[in-house]
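Just below is one structure, and these are the notes that go with it.
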Protein chains: 2
Amino acid sequence: METKFNIENTQSQMRRGILEFCILSVIRRGEAYPSDIVEEMREAKLQVLEGTLYPLLTRLKNAGLLTYRWVESSSGPPRKYFSLTESGIEFYRKLEGTWDELANAVNTLKDKQESLPPLTDNQ
Amino acid sequence: METKFNIENTQSQMRRGILEFCILSVIRRGEAYPSDIVEEMREAKLQVLEGTLYPLLTRLKNAGLLTYRWVESSSGPPRKYFSLTESGIEFYRKLEGTWDELANAVNTLKDKQESLPPLTDNQ
DNA sequence: GTTTGGTACTTTGCGCCACATAGTACTATA
DNA sequence: TATAGTACTATGTGGCGCAAAGTACCAAAC
């Protein structure tokens with residue numbers, strides 16, 4: 001049974017945990033509709049796909065962290081413009097702390113240089 | 001249908017993507033057996049549980065990134081001491097690059113201060 | 001030498017969620 | 001009206017963290 005570990009999959013897995021945080025971070029700066037968010041994320045090298053984004057936005061809205069209003073567009077159907085609710089702002093702040101701690105922990109671990117004590121076969 | 005977004009779950013999701021990288025990072029510094037790894041991760045505030053670690057080590061071994069040897073213990077059954085293979089070392093280096101890019105992208109995004117252009121109802 | 005407790009490894013099932021894909025709805029243009 | 005473009009929705013699949021239960025080995029106590 002062969003398991004493959006390719007970089008693409010790992011990048012996707014790494015993105016997975018922080019998507020929520022990044023999307024809230026974009027919306028925090030002003031009302032945005034899904035295509036705005038996709039574009040911002042793409043520019044930041046954090047590509048997110050529609051099939052991921054829409055369900056996530058819906059979950060966040062159902063959890064009361066986001067709200068939206070319909071805005072007419074001159075070039076197609078109306079758009080859902082999302083913004084943070086009060087509890088969304090609070091949640092975002094917590095996530096920011098979580099991210100900072102995590103990034104710090106990982107950097108500490110990866111920059112550790114000392115070896116573990118060498119092994120004898122009968123310790 | 002209520003969806004809950006609690007910090008514990010989000011932290012777990014964030015850890016998810018980087019566990020592989022962190023575990024390889026520990027093993028990179030010298031042969032280690034699972035309890036070593038759990039302990040190192042706990043100290044680094046990146047708790048990982050047995051039910052997560054053992055299957056992950058098995059997957060990494062099956063993919064040829066890790067190898068192990070049995071070492072007798074004076075205080076219980078023998079232990080599997082893991083170390084990186086050549087391709088494991090190579091894979092770790094790629095993951096390091098992936099992490100650096102990701103962390104950089106997230107920090108850039110979260111520190112962005114400018115607002116998105118304000119909306120009119122008929123843009 | 002049998003019991004008891006600690007340590008190490010394994011297996012199974014569940015739940016979350018990114019992603020792919022297909023589908024629906026609305027608008028504008030030809 | 002067709003047709004194309006844009007926006008949103010719904011469904012299925014797979015990966016994987018995690019909990020929990022199970023198996024195996026060892027040592028000390030009796």
Side-chain angles (χ1 to χ4, degrees), chain A residues 1-23 32-39 41-42 46-63 66 68-82 102 122-123, chain B residues 1-23 32-39 41-42 46-63 66 68-82 102 122-123:
Chain A
M1 181 195 61
E2 186 70 12
T3 309
K4 56 173 193 283
F5 283 88
N6 53 6
I7 291 295
E8 291 73 24
N9 184 49
T10 299
Q11 289 174 326
S12 170
Q13 290 295 322
M14 283 191 180
R15 262 199 308 274
R16 179 190 176 99
I18 57 164
L19 269 186
E20 223 173 279
F21 173 55
C22 290
I23 286 165
Y33 84 108
S35 295
D36 282 340
I37 298 171
V38 168
E39 177 60 16
M41 297 285 282
R42 198 191 56 74
L46 289 164
Q47 188 178 30
V48 60
L49 303 177
E50 285 200 341
T52 301
L53 183 58
Y54 281 101
L56 178 53
L57 290 173
T58 300
R59 286 199 302 277
L60 290 166
K61 191 216 57 169
N62 289 340
L66 292 182
Y68 68 83
R69 62 187 181 105
W70 288 100
V71 176
E72 296 296 321
S73 162
S74 63
S75 63
R79 300 163 173 176
K80 276 185 175 178
Y81 273 82
F82 288 88
L102 183 77
N122 243 336
Q123 65 173 16
Chain B
M1 182 196 61
E2 186 71 10
T3 309
K4 57 172 191 283
F5 282 88
N6 54 5
I7 291 294
E8 290 74 24
N9 184 48
T10 300
Q11 288 174 327
S12 170
Q13 290 296 321
M14 282 191 181
R15 262 197 308 272
R16 178 191 177 99
I18 56 165
L19 269 187
E20 221 173 280
F21 173 55
C22 291
I23 286 165
Y33 84 107
S35 295
D36 282 339
I37 299 172
V38 169
E39 177 60 17
M41 297 285 281
R42 199 190 55 73
L46 289 164
Q47 188 178 28
V48 60
L49 303 178
E50 286 200 341
T52 300
L53 183 58
Y54 282 101
L56 177 54
L57 290 173
T58 301
R59 286 198 302 276
L60 289 166
K61 192 216 56 169
N62 288 341
L66 292 181
Y68 68 83
R69 62 187 180 104
W70 288 100
V71 177
E72 296 294 322
S73 162
S74 62
S75 63
R79 302 162 174 177
K80 277 186 175 178
Y81 273 82
F82 288 88
L102 184 77
N122 243 335
Q123 66 175 11

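When the options B/I18, B/L66, B/L46, B/L53 are evaluated for a side-chain contact (heavy atoms from CB on, under 4.5 Å) with B/I23, the one that passes is B/L53.
Listed by chain and number, the residues in a salt bridge (charged side-chain N to carboxylate O under 4.0 Å, His left out) with B/R16 amount to none (sequence neighbours excluded). For A/E39, the side-chain contact (heavy atoms from CB on, under 4.5 Å) partners two or more places apart in sequence, or in a different chain, are A/R42, A/E43. Taking B/Y54 as the reference, B/P34, B/E50 meet the side-chain contact (heavy atoms from CB on, under 4.5 Å) condition, with sequence neighbours excluded.
Comparing A/Q47 and B/P34 by the nucleotide of DNA chain C that holds the closest heavy atom to each, the one mapping nearer the 5' end is B/P34.
Of the possible polar contacts, none joining the B/R79 side chain to the B/S73 backbone as a donor-acceptor pair under 3.5 Å is found.
Within residues 11-22 of chain B, the residues that place at least one heavy atom under 4.0 Å from DNA chain D are, in residue-number order, B/S12, B/R15, B/R16, B/L19.
Per the geometry, CG belonging to B/D36 stands 14 Å off P belonging to C/dT7, to the nearest Å. A/R79 has its CZ atom 8 Å from the C1' atom of D/dT6, to the nearest Å. B/L49 has its CG atom 15 Å from the C1' atom of C/dC9, to the nearest Å. Going from atom OH of B/Y33 over to atom P of C/dA8 covers 4 Å, rounded to whole Å. Here the C1' atom of nucleotide D/dT9 and the CH2 atom of A/W70 are 10 Å apart, to the nearest Å. What separates CG of A/L57 from P of C/dA18 is a distance of 11 Å, to the nearest Å. The NZ atom of A/K61 sits 12 Å away from the C1' atom of D/dC8 (whole-angstrom rounding). Computed from coordinates, the A/Y81 OH to D/dC8 C1' distance equals 14 Å when rounded to whole Å.
Counting heavy atoms from C-beta outward, B/L56 and B/V48 have side chains that stay 4.5 Å or more apart. Inter-residue side-chain proximity for B/D36 and B/Y81 is flagged as met; some heavy-atom pair is nearer than 4.5 Å. A/L57 is listed as a side-chain neighbour of A/F82, based on a closest heavy-atom distance under 4.5 Å.
Looking at the side chain of A/L56, the nearest of the listed nucleotides D/dC8, C/dA18, D/dA19 is C/dA18. When distances run from any side-chain atom of B/P55 to the nucleotides C/dT11, D/dG17, C/dT10, the shortest one goes to C/dT11.
Of the side-chain N and O atoms in B/N9, one or more sit less than 4.0 angstrom from OP1 or OP2 of C/dC17. Between B/R59 and D/dG17 there is a side-chain polar atom (N or O) within less than 4.0 angstrom of OP1 or OP2. Side-chain N/O atoms of A/S35 include one lying less than 4.0 angstrom from OP1 or OP2 on D/dA7. Look at B/Y54 and you'll find a side-chain N or O under 4.0 angstrom from OP1 or OP2 of C/dC9.
A distance of 10.0 Å separates OG1 in A/T52 from CE in A/M41, rounded to the nearest 0.5 Å. Atom OG in A/S12 sits 8.5 Å away from atom CG in A/L49 (nearest 0.5 Å).
The two residues B/K80 and B/Y33 come nearest to each other via the heavy atoms O-CB, 3.1 Å.
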Across nucleotides 21-30 of chain D, 5' to 3', mark each nucleotide with B, S or - according to how protein heavy atoms within less than 4.0 Å reach it. ----BSS---

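For the helix from C/dG1-D/dC30 to C/dA30-D/dT1, the axis fitted to the five pairs at one end and the axis fitted to the five pairs at the other end meet at an angle of 10° (nearest 10 degrees).
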Please assess A/Q13 against B/L19 for the test side-chain contact (heavy atoms from CB on, under 4.5 Å), listing each intermediate value before the final yes or no. CA-CA 10 Å; A/Q13 290 295 322; B/L19 269 187; over 6 Å; no

